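Okay, structure first, notes after.
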Protein chains: 2
Amino acid sequence: MNAQEKARYEVRATIIKAMGHPTRLFMVEELSKGERCVCELTDMVGADISTVSKHLSVLKNAGIVQDDKRGSQVFYSLLVPCVLNFFSCVESVLESRAKEQAQRTK
Amino acid sequence: MNAQEKARYEVRATIIKAMGHPTRLFMVEELSKGERCVCELTDMVGADISTVSKHLSVLKNAGIVQDDKRGSQVFYSLLVPCVLNFFSCVESVLESRAKEQAQRTK
DNA sequence: TCCTCTATTGGCCAATATGCCAAATGGCCA
DNA sequence: TGGCCATTTGGCATATTGGCCAATAGAGGA
């Protein structure tokens with residue numbers, strides 16, 4: 001891997017890494033149902049609002065969500081819905097693991 | 001999010017996180033072409049073999065790849081090919097970003 | 001058996017990531 | 001303007017990751 005290739009993989013890894021956190025995963029799933037303001041997500045997540053805000057900025061910097069300031073509230077929405085495909089693939093991985101487990105128990 | 005839900009998202013995040021590193025992303029792409037031994041991947045990546053081995057164990061623990069010891073070598077192969085879909089989605093995100101950039105430059 | 005080759009594991013340090021609190025920012029209304 | 005509300009940003013402590021070297025383990029040949 002030369003420097004150029006490495007940079008290529010780094011950019012891509014950053015986007016995937018943005019999805020690789022439980023809270024952010026939850027928020028993306030929630031945003032798939034429609035836009036939500038920071039306060040709504042904060043209530044659902046149950047963490048400090050500053051923590052939620054930072055998670056959202058990670059997703060925003062990755063280019064996965066966008067924000068829309070309306071009045072004193074900020075609404076976030078999903079920009080690239082294909083990230084939802086991650087969920088089904090993750091389920092496949094879990095199924096595959098379960099089968100492996102079953103095999104070993106036999 | 002209660003404790004059970006949180007655990008659910010944590011398991012899933014771990015799988016995605018395993019994909020969220022440039023070296024591991026590269027290796028998964030390489031493994032999509034067929035099995036590779038640790039030494040081959042080490043040559044391609046250009047890092048210490050212990051580093052590569054640890055990255056592979058992250059992917060293995062996530063359930064994304066499997067290993068097969070044959071003689072003195074260990075061959076890794078992709079267990080759940082749907083992770084390759086991540087790549088196309090990442091490209092979508094990058095395209096979406098590029099459009100956004102173009103908009104702003106207008 | 002001894003040596004070599006491949007790979008994994010342990011140890012250590014530097015760099016990142018997380019999460020909270022506190023402070024700052026921006027909007028809105030009295 | 002003053003104050004409140006929603007959000008972001010800064011700062012800090014702690015936890016996790018990533019990478020190298022050294023040590024260890026296992027296979028196979030001399």
Side-chain angles (χ1 to χ4, degrees), chain A residues 1-3 5-7 9-28 30-31 35-62 64-77, chain B residues 1-3 5-7 9-28 30-31 35-62 64-77:
Chain A
M1 270 202 296
N2 59 39
E5 275 185 301
K6 201 177 165 188
Y9 284 102
E10 271 167 12
V11 172
R12 282 151 181 79
T14 301
I15 295 171
I16 297 178
K17 208 178 343 178
M19 294 287 294
H21 186 283
T23 301
R24 295 195 291 264
L25 213 47
F26 170 84
M27 295 196 300
V28 165
E30 187 58 32
L31 292 177
E35 63 170 23
R36 297 284 185 271
C37 70
V38 179
C39 54
E40 286 175 305
L41 292 169
T42 300
D43 285 348
M44 286 185 270
V45 167
D48 193 276
I49 188 173
S50 70
T51 301
V52 172
S53 177
K54 278 177 187 172
H55 279 307
L56 286 166
S57 80
V58 170
L59 288 171
K60 185 182 155 192
N61 289 329
I64 296 169
V65 304
Q66 66 185 161
D67 62 345
D68 182 20
K69 298 164 212 253
R70 293 207 295 275
S72 63
Q73 289 183 310
V74 180
F75 291 87
Y76 280 83
S77 58
Chain B
M1 271 205 292
N2 59 41
E5 275 185 302
K6 200 178 165 187
Y9 284 102
E10 270 166 13
V11 173
R12 282 153 182 77
T14 301
I15 295 171
I16 297 179
K17 209 180 340 179
M19 295 287 294
H21 187 282
T23 300
R24 295 195 290 266
L25 214 47
F26 169 84
M27 296 195 300
V28 165
E30 187 58 32
L31 292 177
E35 63 170 23
R36 298 282 187 273
C37 70
V38 179
C39 54
E40 286 175 306
L41 292 170
T42 300
D43 285 348
M44 285 185 270
V45 167
D48 193 276
I49 188 173
S50 68
T51 302
V52 171
S53 176
K54 279 178 187 173
H55 279 308
L56 286 166
S57 79
V58 170
L59 288 171
K60 185 183 157 192
N61 288 330
I64 295 169
V65 304
Q66 66 186 158
D67 61 345
D68 182 20
K69 297 164 213 254
R70 294 207 293 276
S72 63
Q73 289 181 311
V74 180
F75 291 87
Y76 280 84
S77 58

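Naming convention: chains lettered A, B, ... in sequence-line order (proteins, then strands); numbering from 1 in each chain. This is a predicted model, so every value here is computed, not measured. As a basis for the values below, the full set of heavy atoms in this structure was taken, side chains included, without hydrogen atoms, waters or symmetry mates.
In this structure, E35(B) atom CD and dT6(C) atom P are separated by 17 Å, rounded to whole Å. If you take CG of L41(A) and P of dT7(D), they are 9 Å apart, rounded to a whole angstrom. Atom CZ in R70(A) sits roughly 15 Å away from atom C1' in dT7(D) (whole-Å rounding). Atom P of nucleotide dT8(C) and atom CG of D68(B) are separated by 12 Å, given to the nearest angstrom. dA27(D) atom P lies 14 Å from atom CG of D67(B), rounded to whole Å. K60(B) places its NZ atom 8 Å from the P atom of dT9(C), with the value rounded to the nearest Å. Rounded to a whole Å, the CD1 atom of I49(B) is 9 Å from the C1' atom of dT8(C). Across the protein-nucleic acid pair, K69(A) atom NZ and dT25(C) atom C1' stand 10 Å apart, rounded to whole Å.
R24(A) comes within contact range of the sugar-phosphate backbone alone, with a heavy-atom separation under 4.0 Å but no base atom that close.
In terms of phosphate contacts, Y76(B) brings a side-chain nitrogen or oxygen within less than 4.0 Å of OP1 or OP2 of dT8(C). Applying the 4.0 Å criterion to OP1 and OP2 of dA17(C), one finds that H21(B) has every side-chain N and O outside that range. Not one side-chain nitrogen or oxygen of H55(A) sits closer than 4.0 Å to the OP1 or OP2 atom of dA17(C). Distances shown here put a side-chain N or O of K17(A) below 4.0 Å from the OP1 or OP2 atom of dA17(C).
Between V74(B) and T23(A), it is V74(B) whose nearest contact on DNA chain C lies nearer the 5' terminus.
Panel note: side chain S57(A), backbone K54(A); a donor-acceptor pair is recorded below 3.5 Å. Although no hydrogens or angles enter the test, the distance criterion places a donor-acceptor pair under 3.5 Å between the side chain of E40(A) and the main chain of C37(A). The backbone N or O of I49(A) sits nowhere less than 3.5 Å from a side-chain atom of S53(A) that would complete a donor-acceptor pair.
Between L56(A) and D67(A) there is no side-chain heavy-atom pair separated by less than 4.5 Å. Under the 4.5 Å side-chain criterion, counting only non-hydrogen atoms from C-beta, Q73(B) is in contact with C39(B). Between T23(A) and Y9(B) the shortest side-chain heavy-atom distance does not fall below 4.5 Å.
Closest to the side chain of S72(A), from the set dA7(C), dG26(D), dG26(C), is dG26(C).
Nearest heavy atoms, E30(A) versus L41(A): CG-CD2, 4.0 Å. Of all heavy-atom pairs spanning L25(B) and A13(A), the tightest one is CD2-N, 3.6 Å. Between D68(A) and R70(A), the shortest heavy-atom contact is OD2-NH1, 2.7 Å. When every heavy atom of I15(B) is checked against every heavy atom of I64(B), the shortest pair comes out as O-CD1, 3.7 Å.
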Can you name the atoms? Protein N/O to nucleotides 9-14 of chain D N/O, anything below 3.5 Å, with the distance.
residue : atom : partner : partner atom : Å
dG10(D) : O6   : K54(A)  : NZ           : 3.1
dG11(D) : O6   : K54(A)  : NZ           : 2.6

Under 3.5 Å, N/O pairs linking protein and nucleotides 1-3 of chain C:
none

